[in-house]
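In what follows, chains are A, B, ... by sequence order, proteins preceding strands, each numbered from 1. Predicted model only: the values in this text are computed from it and were never measured.
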Number of protein chains: 2
Amino acid sequence: MASIKDVANLAGVAVGTVSRVINNAGAVKPATRDKVKAAIEQLNYVPDEVARNFKMQKSKMIALLLPSIWHPFFSELAYYIEDELDREGYKLMLCNSGGKPEKELYYFDMLKQNKVAGVVGITYNDIENSVSTDIPMISIDRHFNKKITCVTSDNFEGGRIALRELVKAGAKKPAFLGNVPFVYSETMLRKEGFVHEAKILGVPYEVYEEPDPLRDEDKYYSTFLNRYQDIDGVFAITDMAAAKYIEKAKEAGIRVPDDVKVIGYDGIQDHPFFHPLLSTIRQPVEEMARTAVRLLLKKTEGETLDREVYQIPVTYRAGETT
Amino acid sequence: MASIKDVANLAGVAVGTVSRVINNAGAVKPATRDKVKAAIEQLNYVPDEVARNFKMQKSKMIALLLPSIWHPFFSELAYYIEDELDREGYKLMLCNSGGKPEKELYYFDMLKQNKVAGVVGITYNDIENSVSTDIPMISIDRHFNKKITCVTSDNFEGGRIALRELVKAGAKKPAFLGNVPFVYSETMLRKEGFVHEAKILGVPYEVYEEPDPLRDEDKYYSTFLNRYQDIDGVFAITDMAAAKYIEKAKEAGIRVPDDVKVIGYDGIQDHPFFHPLLSTIRQPVEEMARTAVRLLLKKTEGETLDREVYQIPVTYRAGETT
DNA sequence: ATAAAAAGTGGAAACGATTCAAACTAAGTA
DNA sequence: TACTTAGTTTGAATCGTTTCCACTTTTTAT
């Protein structure tokens with residue numbers, strides 16, 4: 001592989017000049033520029049990015065730290081994040097934490113060692129202190145502090161819409177279902193919005209927010225089914241939770257949407273084998289992804305952002321469950 | 001950030017010695033080692049990976065180049081690839097090509113510039129000449145040449161199993177559905193296996209392999225439905241194709257599995273909102289992913305592999321469509 | 001006790017780029 | 001002509017490691 005020195009030799013100029021040509025920085029006589037370009041061409045020279053990163057003390061690499069790329073919501077998010085990064089000449093490093101705090105911390109160390117330019121994080125840790133000011137960071141759906149800007153959908157408004165749509169679909173007594181065992185999460189605002197709107201409209205409602213729905217799902221849902229037998233609407237905190245509820249409800253002989261209307265949150269169903277098609281509050285995943293990237297890149301350039309939390313509007317998408 | 005020089009100063013030794021301590025290479029007196037370790041501790045020193053990559057002329061970064069991480073098969077694959085890489089101390093760079101040949105080439109250039117240690121590629125290009133010997137590479141499902149080792153599921157056997165299972169489920173005249181407009185793909189062996197087994201068993205069959213199912217899907221499937229009205233079984237080349245067929249068939253008043261049994265290929269349905277649950281030939285995604293990584297890392301260490309194509313056995317998973 | 005071998009350590013060179021002060025050139029001005 | 005100014009170019013220093021050769025110290029063998 002030819003280096004900048006080889007180019008300089010062949011063109012009969014100094015390495016500094018070649019550098020200026022490559023980066024379009026500083027003044028270079030047209031004649032010199034042509035000579036250099038010819039040499040570059042002839043040697044098939046491309047700058048060594050690693051050397052550049054080293055000298056510059058930073059790389060054009062952004063890390064995406066999330067629980068699991070396998071989850072459809074995250075994989076869609078990752079798709080758009082990569083796309084936006086690529087447009088800006090950045091690369092994406094993918095880190096699955098499995099939602100394990102210790103692995104998140106391990107990744108943060110690694111990322112620091114590798115001098116990544118920034119991190120988009122979907123984390124379960126109280127990372128407030130772990131990361132702090134070292135690396136520019138954007139968080140999706142988690143609001144830690146002013147250093148870590150948060151991009152999220154308008155969860156509160158989403159909750160309000162969900163309640164209204166359940167009522168519109170005929171539900172007399174809807175329930176909220178779901179929990180995030182995590183203080184910093186913005187997603188519990190979905191519940192707040194739901195409750196807020198129910199109070200405004202004077203609609204009776206229930207809220208089921210047992211902790212830790214991840215282990216012993218069977219019990220989790222059967223408890224819910226037993227406790228609130230008179231409900232006729234469910235707003236689940238995620239599509240995944242909605243789908244699980246529907247499955248368990250079906251087993252218990254409850255028909256959706258005849259007996260119970262169901263609305264989820266996310267809108268991840270873009271494949272032909274998703275059935276039933278959920279009624280859901282659709283997160284603008286693409287816009288969230290691109291916003292997160294753009295904000296992050298601003299941060300890496302030293303700009304300070306004007307807000308701590310950026311909320312992207314959501315829309316309701318009617319499916320087969322209301 | 002403290003550098004190796006700071007450590008050397010504090011410990012009262014030379015940088016070379018510190019380097020030897022860090023890398024456990026060469027001989028160092030226990031006493032010296034302790035001094036150095038204490039200094040490292042005190043300064044909170046961590047080696048700069050970028051500088052190391054630069055000096056070593058290679059990084060511990062593997063690129064995953066695929067059409068779209070959004071696709072559930074790829075996102076599952078990516079999950080396991082990342083996991084296996086992490087175990088080995090490597091990082092994953094994610095590149096979505098959108099299946100566009102020019103973008104694939106663009107990424108190859110970029111990867112070369114960034115001196116990645118290797119590439120796992122799922123490409124649509126005739127990359128045989130573009131990459132060649134520069135970067136160690138493993139391909140999933142595509143068999144180009146000896147330089148690019150291929151990891152794939154046992155497509156031929158999968159096709160045979162699919163036919164047998166369709167027959168077992170009662171199909172008298174099954175059809176193969178699907179096409180990959182790409183010469184190097186191993187996936188068309190699914191058809192070969194299907195046909196092979198039909199001939200052995202003396203079962204009448206049909207094969208529908210129109211090119212380019214990506215544009216104008218409606219026409220693609222309606223043509224299929226019209227042309228082969230007497231078939232009562234479908235083996236689709238992917239789960240995605242199977243799901244689309246089922247959707248179109250339903251619209252045409254065909255009941256699955258009553259009128260037509262359907263078997264797909266992939267086994268990507270691990271979420272509660274996938275319905276109907278497809279009968280399918282399950283690819284061992286995890287094993288494929290880990291195998292690909294292990295083979296690739298062997299390559300990066302200069303080993304030559306004993307085979308050009310590694311086929312991982314598949315299994316049949318009964319669902320609701322047979 | 002001495003020589004030879006082995007173990008341990010120091011420090012400079014190298015990797016490939018960017019940057020910056022200094023030097024040089026060309027053009028304009030008095 | 002001499003001086004100023006702006007435009008170009010040079011080349012050494014630098015980033016943080018690893019590596020290798022030379023040198024010193026310790027161990028082993030005779």
Side-chain angles (χ1 to χ4, degrees), chain A residues 1-40 43-61 89 109-117 134, chain B residues 1-40 43-61 89 109-117 134:
Chain A
M1 280 273 286
S3 78
I4 201 173
K5 217 173 230 168
D6 302 321
V7 175
N9 285 149
L10 181 59
V13 299
V15 289
T17 306
V18 178
S19 178
R20 263 172 297 127
V21 170
I22 295 168
N23 299 297
N24 272 315
V28 182
K29 260 200 204 157
T32 322
R33 161 167 282 118
D34 290 345
K35 269 195 302 180
V36 172
K37 287 205 162 157
I40 288 177
L43 291 174
N44 221 314
Y45 166 79
V46 278
D48 181 330
E49 271 297 307
V50 181
R52 212 184 274 208
N53 293 341
F54 167 59
K55 170 65 190 175
M56 303 276 88
Q57 298 284 31
K58 67 169 185 228
S59 66
K60 288 214 159 211
M61 172 83 69
D109 281 349
M110 189 270 274
L111 296 174
K112 210 181 297 181
Q113 271 185 59
N114 281 276
K115 294 216 163 54
V116 297
D134 272 0
Chain B
M1 280 273 287
S3 78
I4 201 173
K5 217 174 232 168
D6 302 320
V7 175
N9 285 148
L10 181 61
V13 300
V15 289
T17 305
V18 178
S19 178
R20 262 170 292 134
V21 170
I22 295 169
N23 298 297
N24 272 314
V28 182
K29 259 201 203 157
T32 323
R33 162 167 281 117
D34 291 344
K35 269 195 302 180
V36 172
K37 286 206 164 157
I40 288 177
L43 292 173
N44 221 313
Y45 166 80
V46 278
D48 181 329
E49 271 296 308
V50 180
R52 207 178 259 189
N53 293 341
F54 167 58
K55 171 65 190 176
M56 304 274 86
Q57 299 285 21
K58 67 169 182 228
S59 67
K60 288 215 158 207
M61 173 81 70
D109 280 349
M110 189 271 274
L111 296 174
K112 210 181 296 179
Q113 271 186 59
N114 281 276
K115 294 215 164 54
V116 297
D134 272 359

Sugar-phosphate, base or nothing in reach of B:N53, heavy atoms under 4.0 Å: nothing
Return the polar atom pairs (N/O with N/O) between nucleotides 8-11 of chain C and the protein under 3.5 Å, or none.
from: C:dT9; atom 1: OP1; to: B:T32; atom 2: OG1; distance (Å): 2.2
from: C:dT9; atom 1: OP2; to: B:K29; atom 2: N; distance (Å): 2.9
from: C:dT9; atom 1: OP2; to: B:T32; atom 2: OG1; distance (Å): 3.3
from: C:dG10; atom 1: OP2; to: B:A14; atom 2: N; distance (Å): 2.9
from: C:dG10; atom 1: OP2; to: B:T17; atom 2: OG1; distance (Å): 3.0

Spacing of B:M1 atom CE relative to D:dG16 atom C1', expressed in whole Å: 10 Å
Side-chain heavy atoms of A:Y45 within contact of A:I4, under 4.5 Å: yes
Donor-acceptor pair under 3.5 Å, A:K5 side chain vs C:dA17 base: no
d(CD1, B:I4; C1', C:dA12) in whole Å: 14 Å
Polar side-chain contact B:K55-D:dT19 base: donor and acceptor under 3.5 Å: no
Phosphate OP1/OP2 of C:dT18: any A:R52 side-chain N/O under 4.0 Å: yes
Phosphate contact (D:dG16 OP1 or OP2) by A:Q57 side-chain N/O below 4.0 Å: yes
Nucleotide D:dG16, atom P - distance to CD of A:Q113 in whole Å: 14 Å
B:D6 CG to D:dC15 P, straight-line distance once rounded to whole Å: 10 Å
Sugar-phosphate only, base, or nothing, as touched by A:S3 at under 4.0 Å among non-hydrogen atoms: sugar-phosphate
Side-chain heavy atoms of B:R52 within contact of B:I22, under 4.5 Å: yes
Separation of atom CG in B:N23 from atom P in D:dT17, rounded to whole Å: 10 Å
Any donor-acceptor N/O pair, B:D6 side chain to B:S3 backbone, under 3.5 Å: yes
Protein-nucleotide distance (A:M56, atom CE; C:dG16, atom C1'), rounded to Å: 11 Å
A:V46/A:M1 under side-chain contact (heavy atoms from CB on, under 4.5 Å): CA gap, chis, key distance, verdict: CA-CA 8 Å; A:V46 278; A:M1 280 273 286; 4.1 Å; yes
Spacing between A:F54 atom CZ and C:dT18 atom P, to the nearest angstrom: 13 Å
Length of the line joining A:N9:CG and C:dG16:P, which is rounded to integer Å: 13 Å
Listed partners of A:R20 passing side chain to side chain contact (heavy atoms under 4.5 Å, CB included), at least two apart: A:T17, A:V28
Check: B:V13 and B:K35 side chains under 4.5 Å, non-hydrogen atoms: yes
OP1 or OP2 of C:dA17 under 4.0 Å from side-chain N/O of A:S19: no
Min side-chain heavy-atom separation B:K115-B:N53 under 4.5 Å: no
